[in-house]
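Here is how names work: the chains are called A, B, and so on, in the same order as the sequence lines, proteins then strands, and each is numbered from 1.
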Amino acid sequence: MADGTQLNSRAGQHSTYVQTLRQCRVIENDLIGDVCLTVAVGGNCNPAFLLPGLRLGLADEGIAVRIVETPYANWVATALAPEERIEFWVIWISALGYSVGGTDWRTIDIDGVLAGARAALDRGERVMMILPESLEGAGPYSAAEKWQRGLREQLDDVLPKEVIRVDPDWIHRRCGDAGWFAARYWTLTKSPCHPDAATQLGRAVANAMLRTLKPRVKAVAVDLDNTLWGGIVGETGAAGVALDPFGEGRPYLQLQRFLKDLAAAGIPVSVVSKNNFDDARAPFLERREMILSLGDFVYFHAGWEAKALALRRIAADLNIGIEALCFLDDSAHEREEARVLVPGLIVPELPADPEMRMGFLAASGLFWQPLVSAADRTRVEYYKTQAQRESLLGECGDVESYLRGLGMRLTAQRIGSDNIQRVASLVHKTNQFNLTNRRHSLAELSRITAEQDAYAYCYSLTDRFGDAGIIAVLIGRPMATALEIDTWLMSCRVINRGVELAVLDHLLEWSSGRGFEVLYGLYAPSEKNVLVAELYPSLGFVAVDGEGDERCFKGHGLSAPAHSITIEE
Amino acid sequence: MDIERLTEVFRDTFGDANLVLTPDMSPKNLKGWDSFNHINLILSVEEEFGVTFTTDEIQSLKSVAELVVLLNNKGQAITWQ
């Protein structure tokens, strides 16, 4: 069986006909006893080169196939009076097959095609038709091109809507003319295209077949920052996120349109974001460019815990298996965390470049819906009325062991000329994990951090995914035998990985070595930093007096907190 | 280069792990060497040796000996060992 990861790694990777044929021989024995589909193939050409791709595509999801061949160019006779029960018909209506070998144009027997298709549909069998392909040498405005187009439009018009159309030009475009056209295979075997191209077409047919039987994706959960818009709303506010349809907002809006269409076709979409709830909603309320609106989502989850909780809850509430939920997130970290904590979840490897994402998702075949029923179209409304849009809680996999597996290393560096620009930038823009919101200027920072007995550190984080760079800052200023934490902030990219515990660990070790017995921590509430309102109490600090809104906490005799991070200096 | 690479292609194509090539082996005397497997064989040979045959060559090819000659002509030094 293909899990989400395998499926994703295969997207965009194409084996040749010969390789696929070889793989087919290997798997043939493995599938005995599994689900087996009976598929009749035929058409006005030789569909044999489709078969290895078709077999392998079905085998990926544990389905074996028994092929019933129909007489060359006479599938209609079999369709009218089959000798056995057929589940799927795959009929290749080739333009070459209707021409005189590609040399002259014929009118075609549409009535025959229609009769064959209707007979099969009436028996409750599924019918897929590969529509007439573009012809080699049929240049722009040529009579050949006109004939082929007319043929295709005519078929498309008259065929019942239950006939699943397969457009061979999907594959032709992907292969290019050089990969698709191969007249010698027409001459030798009556195959309308190169066997390698036919193999890809066979895989496309398999995917359409599978998606007809069972949608692969029954629901989508999507991230917000850098996925549905450019930038991080918690840092820039709703006004600052990229949503210009003629500029860098374009790919994000394209994904929004895609999700909106999915929802309209019966696939419920939910938001799962690490954000403050109000921040997450702000672009939907304030930005007119947004294509998705809050009403398009079944669940809207914004919070700071691992996304696994929300993902499991969504699948449970929608009453779908976790293997039918697809999670779209731009962050490799979030994707990996979700894969580890929610085994079976479909997690496509969204390309880092937002411009590449739509093509990637289209090619993955995950979201194909060959037949959309009226029931599909109303399903999302049903979910919405059932759903309670509240923060999601529930059982979760083992977060601790996941974090340990990341192999995180935190490097503490004294703030100095090497890093002060980055520190100033973090001090300026960090809103969520920021205890005091003191926006020190570069000059002020230089002065404070130059104080000999001040604790002035920034921290960079690496793990097995790579280097996150400088992601946290802590500045403590001495007051006799105590140290007051003037600034403590952290990038929201690394929240919920225990980084703050490692930072405190480093601070405690440093302070005890210099005779500071007491730490004072300050919390200045802002619109954005509710995330850290309870940070000090959670770390063992005790509330003491505060001035105005600002609250002050005292830490005395604290022991080093447990975390999964190696600290270096 | 000896005949082993070509033997492997035949074994793979005709699903017979013990197949041993002989010069006079042909569609007439090898079970399964029908017109469709002929194309499968040619495609596999092309992929294995990185050569291309013309339609004419494919249609007129009648035996293993002729295939070896064709491959030799395309710069593949295959010898019977």
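The part of B:I58 that comes within reach of chain A is its side chain, from C-beta onward, which places non-hydrogen atoms under 4.5 angstrom from that chain. The contact between B:I42 and chain A is made entirely by side chain atoms (from C-beta outward), counting heavy-atom distances below 4.5 Å. If you measure heavy-atom distances from B:E46 to chain A, the contacts under 4.5 Å come from the side chain alone.
Chain A is approached within less than 4.5 Å, heavy atom to heavy atom, by B:D12, B:T13 from residues 6-22 of chain B, ordered by number. At a heavy-atom separation below 4.5 angstrom, chain A is approached by B:T52, B:F53, B:T55 within residues 50-57 of chain B.
Residues B:F36 and A:L188 fail the side-chain proximity criterion, which asks for heavy atoms closer than 4.5 Å. The shortest distance between side-chain heavy atoms of A:Y17 and B:I39 does not fall below 4.5 Å.
Atom NZ of B:K74 has more than 12 neighbouring heavy atoms from other residues, nucleotides or ligands inside a 6.0 Å radius. Other residues, nucleotides and ligands place no more than 12 heavy atoms under 6.0 Å from the CD atom of A:E83. Surrounding CD of B:Q59 are more than 12 heavy atoms belonging to other residues, nucleotides or ligands, all under 6.0 Å away. Crowding of B:E66 atom CD: a count of heavy atoms from other residues, nucleotides or ligands under 6.0 Å exceeding 12.
Annotation: the span from A:H194 atom NE2 to B:L43 atom CG amounts to 6.0 Å, rounded to 0.5 Å.
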